[in-house]
There are 2 protein chains.
Amino acid sequence: MNSVNETTRDRRRIETQERILAEARRLFAEAGYDRTTIRAIAAAAQVDPGLVMHYYGNKQQLFARAAETKSQAVLDGTADEIAEQLLDRLRQSLIEEPVASLAVLRSMLTHPDAADEVRENAQLRGSTFSKVIPGDDGELRVDVVSAVLIGVVLGRHLLKLDHLADADPDKIIELLRPAVESLTRAE
Amino acid sequence: MNSVNETTRDRRRIETQERILAEARRLFAEAGYDRTTIRAIAAAAQVDPGLVMHYYGNKQQLFARAAETKSQAVLDGTADEIAEQLLDRLRQSLIEEPVASLAVLRSMLTHPDAADEVRENAQLRGSTFSKVIPGDDGELRVDVVSAVLIGVVLGRHLLKLDHLADADPDKIIELLRPAVESLTRAE
DNA sequence: CCAGATATTCAACATCTGTAGAATGAATTC
DNA sequence: GAATTCATTCTACAGATGTTGAATATCTGG
């Protein structure tokens, strides 16, 4: 009954909830929102489908939880510094497979909620960004850079274009550096 | 009974078949493979669902037909000429909405057939391309360029990133020219 | 105008889906 | 150790989906 003392039951429940969420993330990333069924998630978590509903309400909410991603620090600095920060983030996304992000990316073309989140993310990325970039086309540049970066992550992890999927992340970054810099610098 | 003389019945049937195919294309592009139902296609074409099956066999085959795209000429020339051809094609994809291509793009993250077609397309794009590009990383460069271009078309037509969706195609092309050139030229 | 061909619709199926509520079983508290 | 709380499972429903085969309506050729 104590809120500080955690009983075995609590621990087990939390463990189960987390297992469900982890499997949901994994499956959403693998197959996207529509093709991932509550029943499949339940089976993967070795649990009854009803329990999934009980803990997460419904499929949309479960997806929202599974798609949660640690909010990134806002970009800052000169145009060149911003470019470098973008490339750093991209490198991270190329090295590991950011499961939650992949769930969103995989679903963005068919699930409106996922598309919204991608758009928000791109917009957020541009909040300070577009002010730093000289010229009157800052906002367009932000969108273009976002689209480019999305394309690359997509091509590597989801589409798995042969050479892009196998390549050394640093090699890819080096290839993209001039491209990103040309987009963050006004002509 | 003559094969050269086209009867009214023939004309009507062909008209119906084409109407079905056109609506299928439109809906697949709008909602993707999974979310587009045979019933919805039939309704849009003002026809019975059974007729759709009768003419196109099953959903996969219908998608395959709807996703058919006029095969593009193979790229050729120097690295810079290839870059220019790529930018030209991109401009076309930005100006009009290539419905069949959008159907494939919209579905590529959840429908294996669509993903295959995108990969093949990227691969084909690279057949001559990677030989012209100097350096030993030609194939990787092809994949990266493909990913970038996919990202931009996606961002404009499907994701509809605000400023990217509204911008003048030529403006976008000019922003991307240095990026594409830096990728087609060896450093 | 009639018989046959054929374009199109009707009716039905088996399956899968998200979801709800009752039932069960195990841990906790007193 | 009995009563109670609560994590979990069982059972079921209602709607949607791809697909099928029989039935119908329309056109064609003689």
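Computed from a predicted structure; not experimentally measured. To find a chain, count down the sequence lines: A is the first, B the second, and so on, and within it residues start at 1. Computed over heavy atoms, backbone and side chain alike; hydrogens, waters and symmetry mates excluded.
At whole-Å resolution of the value, CZ in B:F28 and C1' in D:dG18 are 12 Å apart. The separation between B:L27 atom CG and D:dT17 atom P is 12 Å, rounded to whole Å. Distance CZ (A:R35) to P (C:dC16): 15 Å, rounded to an integer number of Å. Separating the CZ atom of A:R39 from the C1' atom of D:dC13 is a distance of 11 Å, rounded to the nearest angstrom. Atom CZ in A:F63 sits about 14 Å away from atom P in C:dG18, given to the nearest Å. Between B:Y56 atom OH and C:dT8 atom C1' the separation is 15 Å, expressed in whole Å. Straight-line distance from the CD1 atom of B:I41 to the P atom of D:dT17: 11 Å, rounded to whole Å. Whole-Å rounding puts the B:M53 CE to C:dC10 C1' distance at 16 Å.
Not one N or O on the side chain of A:R106 forms a donor-acceptor pair closer than 3.5 Å with the backbone of A:F28. Looking only at distances, a side-chain donor or acceptor of A:R35 sits under 3.5 Å from a matching main-chain atom of B:T110. A donor-acceptor pair under 3.5 Å is absent between the side-chain atoms of B:T69 and the main chain of B:A100, judged by distance alone. Judged by distance alone, the side chain of A:K59 and the main-chain N or O of A:Y33 form a donor-acceptor pair under 3.5 Å.
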Nucleotide N/O of nucleotides 3-9 of chain D paired with protein N/O under 3.5 Å:
{"residue": "D:dT5", "atom": "O2", "partner": "A:R9", "partner atom": "NH1", "Å": "3.1"}
{"residue": "D:dT5", "atom": "O2", "partner": "A:R9", "partner atom": "NH2", "Å": "3.4"}
{"residue": "D:dA7", "atom": "OP1", "partner": "A:R13", "partner atom": "NE", "Å": "2.8"}
{"residue": "D:dT8", "atom": "OP1", "partner": "A:T16", "partner atom": "OG1", "Å": "2.9"}
{"residue": "D:dT8", "atom": "OP2", "partner": "A:Y55", "partner atom": "OH", "Å": "2.4"}
{"residue": "D:dT9", "atom": "OP2", "partner": "A:D48", "partner atom": "N", "Å": "3.0"}

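Mapping B:K59 and B:T8 onto DNA chain D by nearest heavy atom places B:K59 at the nucleotide closer to the 5' end.
An OP1 or OP2 oxygen of C:dG18 is reached within less than 4.0 angstrom by a side-chain nitrogen or oxygen of A:T37.
Ring pair A:F63/A:H111 is perpendicular by interplanar angle, where above 60° counts as perpendicular and below 30° as parallel.
Counted within 6.0 Å of CD on B:Q123, heavy atoms from surrounding residues, nucleotides or ligands total 12 or fewer; the atom is thus considered open. Surrounding CZ of A:R12 are at most 12 heavy atoms belonging to other residues, nucleotides or ligands under 6.0 Å away.
DNA chain D is contacted by no residue of residues 104-114 of chain B, taking any non-hydrogen atom closer than 4.0 Å.
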Checklist entry - side-chain contact (heavy atoms from CB on, under 4.5 Å) between A:I173 and A:L94: does it pass, once the steps are laid out? => result CA-CA 9 Å; A:I173 298 293; A:L94 293 181; 4.2 Å; yes
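We find the CD1-CG distance between A:I38 and A:N58 to be 8.0 Å, quoted to the nearest 0.5 Å.
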